[in-house]
Amino acid sequence: DGGITQSPKYLFRKEGQNVTLSCEQNLNHDAMYWYRQDPGQGLRLIYYSQIVNDFQKGDIAEGYSVSREKKESFPLTVTSAQKNPTAFYLCASSMLGDRNTEAFFGQGTRLTVV
Amino acid sequence: SQQGEEDPQALSIQEGENATMNCSYKTSINNLQWYRQNSGRGLVHLILIRSNEREKHSGRLRVTLDTSKKSSSLLITASRAADTASYFCASGGGGFKTIFGAGTRLFVKA
């Protein structure tokens, strides 16, 4: 079964902690993305990667970090510098080379600061 | 404000009725896509319409694109309770250049 998997589904973070959200895909996609979704809002791009060992900041990268050591994996770390991290985080992947291509999304991780 | 903006923000209809959602965008696009999101879940791709296309169908879905007005509409015919979800338009250059609107929340009453 090809797809994109995010874990955990729910995550609780204490003030000042770093937490890492996992995203794995077996679709052989080159491009991967992290989005943040707040209630009643659209998706905002945090980071994206088009190739292994390379990634670029999106619109709201401050307080987040990523790595892309393997094609299949694109973990997101929410650092203590992110002042308002409570949100729903979505990972996606897509093919490169064709701009008219759909994105495949994981089921999301809901992060709550306690 | 965001590139893609949906209208209305929320829509409540009876099962069997048609649901129409609209999307406006600001800059030139390669394509416009519609996605569906069930509550607390990821987005699922519904349909993509290219900038040189005017209309596209997929099952009960009909999408139109008017590049002169920078707008698109999604029509769901003969709606079902299972169509209850949020619907997002995504426009732009594709990939990381795709910008998502805030969505229309559709509620279909059985």
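Values in this document were obtained by computation on a predicted structure and should not be read as measured data. Order of the sequence lines fixes the chain letters, A, B, ..., with proteins taken first and strands second; residue numbering starts at 1 for each chain.
Annotation: maximal heavy-atom pairing with chain B below 4.5 Å, among A:Gln56, A:Lys9, A:Gln50, A:Glu102, occurs at A:Glu102.
Taking the charged nitrogens against the carboxylate oxygens, B:Arg54 and B:Asp66 have no contact shorter than 4.0 Å, which rules out a salt bridge. With salt bridges taken as basic N to acidic carboxylate O contacts below 4.0 Å, none links A:Asp54 and A:Arg68.
Residue B:Phe88 touches chain A through its side chain alone, counting heavy-atom pairs closer than 4.5 Å. Interface residue B:Gln37: only side-chain heavy atoms are found under 4.5 Å from chain A. In this structure, no portion of A:Phe104 lies under 4.5 Å from any heavy atom of chain B. Neither the backbone nor the side chain of A:Ala31 comes within contact range of chain B; no heavy atoms are under 4.5 Å apart.
Classification of the A:Tyr35-B:Phe100 ring pair by plane angle, with boundaries at 30° and 60°, yields perpendicular.
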key: Stepwise side chain to side chain donor-acceptor pair (under 3.5 Å) check, B:Asp7 with B:Gln9   = CA-CA 5 Å; B:Asp7 168 57; B:Gln9 291 185 328; over 6 Å; no
message = Walk me through whether B:Tyr35 and A:Phe105 qualify under ring-ring contact (aromatic ring centres under 6.0 Å, His included).
response = CA-CA 10 Å; B:Tyr35 288 81; A:Phe105 283 82; 5.7 Å; yes
